[in-house]
Amino acid sequence: MDGHFVPNMTFGAPVVSMIRTHVDRPKTAGGRGTFDCHMMIAEPHRWVSTFRDAGCDLYCFHYEAAVTSVAATEPADKTTTRKTSPKELIKYIHDLGMQAGIAIKPDTSVDVLWEILENENAAERPDMVLVMTVHPGFGGQKFMASELPKVSALRKKYPEMNIEVDGGLGESTIDQAADAGANVIVAGSAVFGAKDPGQVINALREAVEKRRGGKL
Ligand SMILES: O=C(CO)[C@@H](O)[C@H](O)COP(=O)(O)O
């Protein structure tokens with residue numbers, strides 16, 4: 001969170017880099033975990049290489065930020081090329097060796113994603129879609145079930161794609177999200193506020209696995 005795209009600020013690349021030293025690389029690379037960096041920031045093209053170098057595995061940017069990036073001035077960091085369209089940005093993220101995610105806010109229609117997902121060039125297609133189930137900016141908000149039809153529509157067209165939900169997820173809301181087809185779950189308050197975080201994580205994982213025949 002950068003205080004521009006959303007009205008709040010959180011940690012940046014140096015913190016990601018420090019945490020990375022305590023967490024193995026992705027399972028696919030023999031490690032324990034994937035660093036999925038949800039970039040709630042304006043001008044997401046400017047930070048791709050910085051977060052790659054910090055240890056990010058999946059760089060997830062907001063559709064709204066990519067399409068509204070202004071091209072009037074050069075980026076301060078001239079080592080990165082300005083990328084304004086989602087498909088260019090996805091290719092750039094892939095070129096730098098990361099997976100690419102694209103996120104939409106509650107006010108954004110899922111229809112903006114079809115053209116991006118149907119791109120014939122795999123390098124320009126996202127590996128994951130994130131459907132926000134709160135307005136981004138703050139943890140601890142109420143889950144918006146109104147966003148789940150977007151998840152269902154995506155799952156119907158893309159049975160195997162990673163579909164993430166974020167905001168207000170916990171044991172009381174996971175069934176709705178999993179029923180709609182979400183298989184990547186972000187939970188802040190429910191996990192960090194729990195007496196037994198591991199138990200909550202297991203419950204969320206099991207709810208998804210149950211719907212997906214044992215696979216996330
Ligand atoms: O960053 C955001 C929203 O901006 C989310 O990732 C929340 O932080 C998730 O937290 P909870 O809604 O689970 O408390």
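Counting starts at 1 for both ligands and their atoms, following the listed order. Only heavy atoms go into these numbers, but all of them, side chains included; no hydrogens, no water, no symmetry mates.
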N/O separation below 3.5 Å, [X] to ligand 1:
X	answer
Gly140	yes
Asp166	yes
Gln141	no
Leu169	no

Under 4.0 Å from any heavy atom of [X], which atoms of ligand 1 are there?
X	answer
Met1	1 (O), 4 (O)
Ser189	11 (P), 13 (O), 14 (O)
Gly137	3 (C), 4 (O)
Gly167	12 (O)
Met40	1 (O), 4 (O)

Glu115 atom CD, neighbour heavy-atom count above 12 within 6.0 Å: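 For Glu115, atom CD is not crowded (no more than 12 foreign heavy atoms under 6.0 Å).
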[X] bridged to [Y] by N-O distance under 4.0 Å:
X	Y	result
Arg46	Glu43	yes
Asp57	Arg20	yes
Glu147	Lys150	yes
Arg125	Glu120	no

Any side-chain heavy-atom pair of Ile104 and Glu64 under 4.5 Å: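 A side-chain contact under 4.5 Å exists here.
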Leu148 side chain reached by Val151 side chain, heavy atoms, under 4.5 Å: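 They are in contact (side-chain heavy atoms under 4.5 Å apart), so the answer is yes.
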Under-4.0 Å heavy-atom contact with ligand 1, by part of Ala187 that carries it: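 Only the backbone of Ala187 comes within reach of ligand 1.
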Which protein non-hydrogen atom lies closest to [atom], naming both residue and atom, and how far is it?
atom	answer
atom 3 (C) of ligand 1	Phe138 O, 3.5 Å
atom 8 (O) of ligand 1	Gly139 CA, 3.6 Å
atom 13 (O) of ligand 1	Gly188 N, 2.7 Å

Side-chain H-bond candidate by donor/acceptor type, Gln176 with Thr173, under 3.5 Å: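 Side-chain D/A pair, Gln176 to Thr173: absent.
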Short side-chain donor-acceptor distance under 3.5 Å, Asn183 and Arg211: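 No, because no side-chain N or O of Arg211 sits under 3.5 Å from a partner of the opposite role on Asn183.
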Output field: ring centroids His62/Phe5 closer than 6.0 Å: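 Yes, the ring of His62 comes within the 6.0 Å limit of the ring of Phe5, centre to centre.
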Ligand 1 contact by Gly168, heavy-atom criterion under 4.0 angstrom: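 Checking ligand 1 against Gly168, which is what was asked, there is a heavy-atom contact under 4.0 Å.
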Any His38 heavy atom less than 4.0 Å from ligand 1: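 His38 does not count as a contact of ligand 1 under the 4.0 Å cut-off.
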